[in-house]
Protein chains: 2
Amino acid sequence: MKISTKGRYALRMLIDLAEHNDNGFIALKEIAERQDISKKYLEQIIPILNRSGILITNRGYQGGYKLAKNPEEITVGEILRNTEGSMAPVACLEQTPNQCEKCSYCVTLPIWQGLEKVVNEYLDSISLQDIINQSKNRSGDYII
Amino acid sequence: MKISTKGRYALRMLIDLAEHNDNGFIALKEIAERQDISKKYLEQIIPILNRSGILITNRGYQGGYKLAKNPEEITVGEILRNTEGSMAPVACLEQTPNQCEKCSYCVTLPIWQGLEKVVNEYLDSISLQDIINQSKNRSGDYII
DNA sequence: ATAATACCTATTGACTTAATAGGATATGTT
DNA sequence: AACATATCCTATTAAGTCAATAGGTATTAT
């Protein structure tokens with residue numbers, strides 16, 4: 001039940017973008033260095049976020065990326081579902097309708113459906129803005 | 001975020017044991033055939049359930065397995081945490097204290113901690129007895 | 001003794017993950 | 001137009017994990 005680096009890196013990249021949002025485009029080089037993540041590897045994650053309407057690109061000289069929406073409109077659930085493919089704990093939940101020949105009488109299916117639901121509801125309840133706010137509050141603890 | 005066959009097979013095996021509990025020991029051959037799972041592979045999963053105090057073994061002729069507790073005392077969470085190692089969505093949560101050098105200021109850590117919590121709470125809310133009861137209710141739909 | 005059972009450890013093929021690599025394409029600046 | 005700085009695209013690969021399969025050893029009721 002692990003989330004892959006793809007999803008974790010995507011989340012960190014988007015938090016970075018949200019934190020450094022000055023209405024301009026931010027070069028991947030900058031993000032990769034700040035987050036200490038392979039730039040080449042991030043390049044492969046970006047098309048997913050692009051297609052999903054999470055990220056906007058500017059190509060060429062002084063190009064880069066910025067969020068396609070406000071940080072409060074982008075949830076962790078949206079990011080992870082797109083990068084991980086889905087949050088389904090079992091493969092059969094990824095096809096609708098369920099293609100497993102046992103699904104009509106499967107006693108464990110309702111458990112997995114319920115699990116996917118609580119996972120998605122939790123992750124959808126957290127926006128990029130929430131993460132930034134939390135992070136600010138935590139830093140505050142040390143200042144006082 | 002997938003649950004492996006190890007965890008899924010363990011769950012199915014234990015549901016099978018709970019359903020066919022006649023206070024005797026049930027041979028693995030029987031379970032494997034009924035569930036259509038490789039007997040040899042199940043053999044590797046059993047030691048985990050044994051160590052975890054979920055299963056009791058009887059060796060030799062007419063040997064087999066039975067649940068170590070009542071079906072209402074065994075939760076899906078207990079089964080999956082033991083077979084999968086943990087339900088942590090990221091590896092750093094598996095060591096206490098957290099060994100990641102960034103953990104003191106990591107902005108995503110609270111998200112993963114929260115996710116592990118909702119997953120465990122959900123899975124701990126379902127017992128083997130609950131699954132059997134659900135299954136009976138569903139069959140009832142067709143009888144009427 | 002025998003047959004039926006559980007227990008133990010090693011091996012393996014297929015697949016996935018997490019990168020790395022090398023270019024092609026686009027675009028603002030000079 | 002040339003150039004530098006970016007993104008975009010596709011292929012390759014090393015390492016690791018998964019899901020078994022295999023072959024034996026130990027135990028016990030009959």
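Note on naming: letters A, B, ... go to the chains in the order of the sequence lines (proteins, then strands), and numbering restarts at 1 for each one. Keep in mind the model is a prediction, meaning the values are calculated, not measured.
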Next on the checklist: Without decimals, in angstroms, what is the distance between Lys2(B) NZ and dT17(D) P?
Outcome noted: 19 Å
Checklist entry - Looking at dT5(D), dA26(D), dT5(C), which one has an atom nearest to any side-chain atom of Ala27(B)? => result dT5(C)
Checklist entry - Does the Gln99(B) side chain pair with the main chain of Pro97(B), one donor and one acceptor, at a distance under 3.5 Å? => result yes
Checklist entry - For the pair made of CG in Leu28(A) and C1' in dC9(D), what is the distance, rounded to whole Å? => result 14 Å
Item to check | Rounded distance (Å) that lies between atom C1' of dA26(C) and atom CZ of Phe25(A) | outcome: 14 Å
Checklist entry - How do Ile46(A) and Tyr61(B) order along DNA chain D: which one's closest nucleotide is nearer the 5' end? => result Ile46(A)
Checklist entry - For Thr5(B) and dA19(D), is the shortest distance between a side-chain N/O and OP1 or OP2 below 4.0 Å? => result yes
Checklist entry - Under a 4.0 Å N-O cut-off, is there an ion pair linking Asp124(B) with Arg81(B)? => result yes
Checklist entry - Can you find a side chain N or O atom of Tyr65(A) that sits less than 4.0 Å from OP1 or OP2 on dC8(D)? => result yes
Checklist entry - Using 4.0 Å as the upper bound for N to carboxylate O, is an ion pair formed by Glu30(A) and Lys39(A)? => result no
Next on the checklist: Just the rounded figure in Å: distance from P of dC18(D) to OH of Tyr9(B).
Outcome noted: 14 Å
Item to check | Value in whole Å for how far the P atom of dA19(C) lies from CG of Leu42(A) | outcome: 10 Å
Next on the checklist: Rounding to an integer number of Å, can you tell me how far Tyr41(A) OH sits from dA11(D) P?
Outcome noted: 18 Å
Checklist outcome for this item: Side-chain contact check for Glu43(A): nearest option of dT7(D), dG23(D), dA18(C) is dT7(D)
Next on the checklist: As a test of reading the structure: which of dC7(C), dA18(C), dT30(D) is closest to the side chain of Gln62(B), going by heavy atoms?
Outcome noted: dT30(D)
Checklist entry - When we call it a touch if two heavy atoms are under 4.0 Å apart, what does Gly63(B) touch: a base, just sugar-phosphate, or nothing? => result sugar-phosphate
Item to check | Nearest to side-chain heavy atoms of Lys40(A), which nucleotide of dT20(C), dT5(C), dT7(D) | outcome: dT20(C)
Checklist entry - For Glu84(B) and dT17(D), what is the distance between atoms CD and P respectively, to the nearest whole Å? => result 14 Å
Checklist outcome for this item: Picking from dA18(C), dC7(C), dT21(D), the nucleotide nearest the side-chain atoms of Ser38(B) would be dT21(D)
Item to check | Residue Gln44(A), side-chain heavy atoms: nucleotide from dT25(C), dA19(D), dT20(C) that is nearest | outcome: dT20(C)
Checklist entry - When clusters are formed by joining ILVMFWY residues with side-chain heavy atoms under 4.5 Å apart, either directly or through shared neighbours, do Ile31(B) and Phe25(B) land in the same one? => result no
Next on the checklist: Expressed as a whole number of angstroms, how long is the span from Lys39(B):NZ to dT5(C):C1'?
Outcome noted: 8 Å
Item to check | 5' precedence on DNA chain C between Asn58(A) and Ile3(A) (nearest-nucleotide basis) | outcome: Ile3(A)
Checklist entry - Should the pair Lys69(A)-Glu78(A) be classified as a salt bridge under the 4.0 Å nitrogen-to-oxygen rule? => result yes
